[in-house]
Amino acid sequence: MRVSHIFGKTLREIPSEADNISHQLLLRTTMIHQEAAGVYTYLPLAWRVLHKIEQIIRKELDTLGAQELMMPALQPFEVWERTGRYLSFGKSLFTLKDRRDRKLCLGPTHEEIITELVHYNLKSYRDLPLLLYQLQIKFRDEPRPRGGLLRAREFTMMDLYSFDRDAEGLDANYHQMIQAYQNIFERCGVSTMMVEADSGAIGGKDSHEFMVITASGEDEILYCSCCSYAANVERAQGIKSPIHHQEPLPLEEVSTPGIKTIEDLAAYLQIPKSQTLKAVFYSADDEIVFVVIRGDLEVNEVKLKNLLKCSELRLAEDTEVEKKGLVAGSASPVKITGIRIIADDSVTQETNLVAGANKPDYHLKNVNYPRDFQVDIITDVATAKVGQGCPRCHSELNSIRGIEVGHIFKLGTIFTEKLGVSFLDQEGRQSLPLMGCYGIGISRLLAAAIEQSHDEKGIIWTMPISPYQVYLCALGLEDNKVVTVAEELYACLMKEGVEILFDDRFESAGVKFNDADLLGIPLRLTISPRALKSQSVELKWRTEKESHLIPLSEATQVIVRDLTQRQDLSPGRPSPARDYEQERFQRGQVQ
RNA sequence: CGGGGUGUGGCGCAGGGGGAGCGCGCAUGGUUUGGGACCAUGAGGUCGGAGGUUCAAAUCCUCUCACCCCGACCA
């Protein structure tokens, strides 16, 4: 492809709507164009990258015996009613009506459709296991799309669904898919960490996310510095050893005029926050619940939501709290009845805490469980923190940020049961197949790859997903020799199957070099009168600072050889963005 | 949904009751060509939309739409 013909020109200035690196670079290179909030056109360069990622995915999945198919984006709403998931998706589900007033929706995911499809085609245990996948556009009416392709309302996704005879089969497929995912991301040249994840309202016992590690990531990951434990903060557990263990002292009321927050209380009484008991009130599907937790910790709403099995969870309004006869700012579980009390285990392990006195301007000292209060549930509902102990090996937890590019779930029989899918097992009995589902956000992966691999000049593509492999710069085009040599090399390399961008524009060297860097093509070749004096071509890798000359006569041969070597990434391949935390990734990629 | 912000040519921005401007980009001609050259000439905008105030509105008022950021939210 000639650069002069590429649809979409590079921009010198950053469009003001973007403040996210990948978003800025995708706009500056005109790889994407925004049509509405969270809705983008992929221009030719981006489309090539998406295709490459898709091909890597296909190759890896087909090796497992998975079969590709294509389900509709437009789905009958009725099937979402049957599984009840129109409720859990809520407003994120795009809905519409056809001319006969029949309700339809745009698929945010395809568990319903695939399960129905399998219903019509699954008869015998001999048909299992089954792995089906598609590459599809998904629609989710996100409350707030952001970051360009990182959180869009329309995006491309690979979703695979597994069906198995039994739990062992599901486990085997799940492990197989973990390996496939690790292969896929590695082949794309992005470093990911696999972490334990919340499976949310979809249920199921096992769920893992694959995170592209980058400081700009939306998700926080807690990982152990010693063992392989890594989890999304939504799910992570930290060991909360008691820090003030003492003999219980007698309960004592203290005056705390105007004190309402834990910060103020700790400062006023000159005690650490960890010596206080925090009371937080939530409305869980309209039930007000009372959560108590050690003052230095925060309630993890995901854990709480899973515990209460509610569909809506929010902080209670002050008026709702008052209606329950509680004093916001001075509330405690001491002598409180008529409300469900959930205690984080940090509270029940601790001694002599300062808690509210359930009347304004007073607190209680030396509150101890179970002497002074009772609770309905004791469990872990705290947000794990850096510095806490790893739940597996008790070493210290660290924190890092990532972008979720893959998510896998063991669904079990949730969908097959609801939609009545069964098969005849070996003994001739009706049996429910066990499902797993596995997703990769392809367009998000494209953006995440840029987040992970760029510098101040632009994108740094890894070879396997770069839109082109080579950027051929011809400098001094009024020199006929330059034109002849460049055209010849361009033709030769194309004949060899090299994907090449030929910058044939009458532009200054600076413009061409800057565009080459911005576009991030791995190898830049320069043909110029200067290099031609020594019958040479200049080679420069995007990841390296220095260029070097090779003889013109060997150019095609050398270039093809070097490209082949770099096509399949070896672990030691230099890439500035991939170097950092490299060891961690390897440790994080759990067996 | 709460809070904040922005809408003026393809991109970045200035202007703030009476001529719609600047830089980049684009076109044409010329001089240039190893890290975003220069000169000249030009094309391109219902100032997000609707209503109002006024002799006169990009500018003031009202409503509205879109987009961005923070939060809530996000299987």
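Proteins come first, then strands; the chains are lettered A, B, ... in the order of their sequence lines, and each starts at number 1. Because only heavy atoms are used, hydrogens play no part in the values below, and waters and symmetry mates are left out as well, while side chains stay in.
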Any side-chain N or O of A:Ser88 under 4.0 Å from OP1/OP2 of B:A75?
-> no
Just compare B:A37, B:C11, B:C67 and give me whichever is closest to any side-chain atom of A:Ala37.
-> B:C67
Between A:Phe290 and A:Phe281, does the ring centre distance come in under 6.0 Å?
-> yes
Side-chain N or O of A:Arg140 closer than 4.0 Å to phosphate OP1/OP2 of B:C74 = no
Please evaluate the base of B:C68 for a donor-acceptor partner in the side chain of A:Arg146 within a cut-off of under 3.5 Å?
-> no
Check: B:G4 base within 3.5 Å donor-acceptor of A:Arg144 side chain = no
Residues that A:Leu96 engages under side chain to side chain contact (heavy atoms under 4.5 Å, CB included), provided they are two or more places apart = A:Leu74, A:Leu104, A:Leu106
Kindly state which residues belonging to residues 131-139 of chain A come within less than 4.0 angstrom of RNA chain B, counting heavy atoms of the residue only, listed by number.
-> none
Listed partners of A:Thr109 passing side chain to side chain donor-acceptor pair (under 3.5 Å), at least two apart = A:Glu111
Report yes if at least one side-chain N or O of A:Gln34 is closer than 4.0 Å to OP1 or OP2 of B:C68; otherwise report no.
-> yes
For A:Tyr174, check ring pair (Phe, Tyr, Trp, His ring centres under 6.0 Å) against everything at least two apart and list the hits.
-> A:His208
What stems involve RNA chain B, if each pair must be Watson-Crick or G-U and both of its distances must be under 3.5 Å, with 3 or more such pairs in a row?
-> B:1-7 with B:65-71, B:10-13 with B:21-24, B:26-31 with B:37-42, B:48-52 with B:60-64
Does OP1 or OP2 of B:A72 have a side-chain N or O of A:Arg314 closer than 4.0 Å?
-> no
Taken in chain and number order and not counting sequence neighbours, the residues that satisfy salt bridge (Lys or Arg N to Asp or Glu O under 4.0 Å) with A:Asp296 are A:Arg294
Would you kindly say whether A:Thr41 and A:Glu35 are connected by a side-chain donor-acceptor distance under 3.5 Å?
-> yes
A:Ser508 side-chain N/O to B:A37 phosphate OP1/OP2 under 4.0 Å = yes
Can you check whether A:Lys305 has a side-chain N or O nearer than 4.0 Å to OP1 or OP2 of B:C74?
-> yes
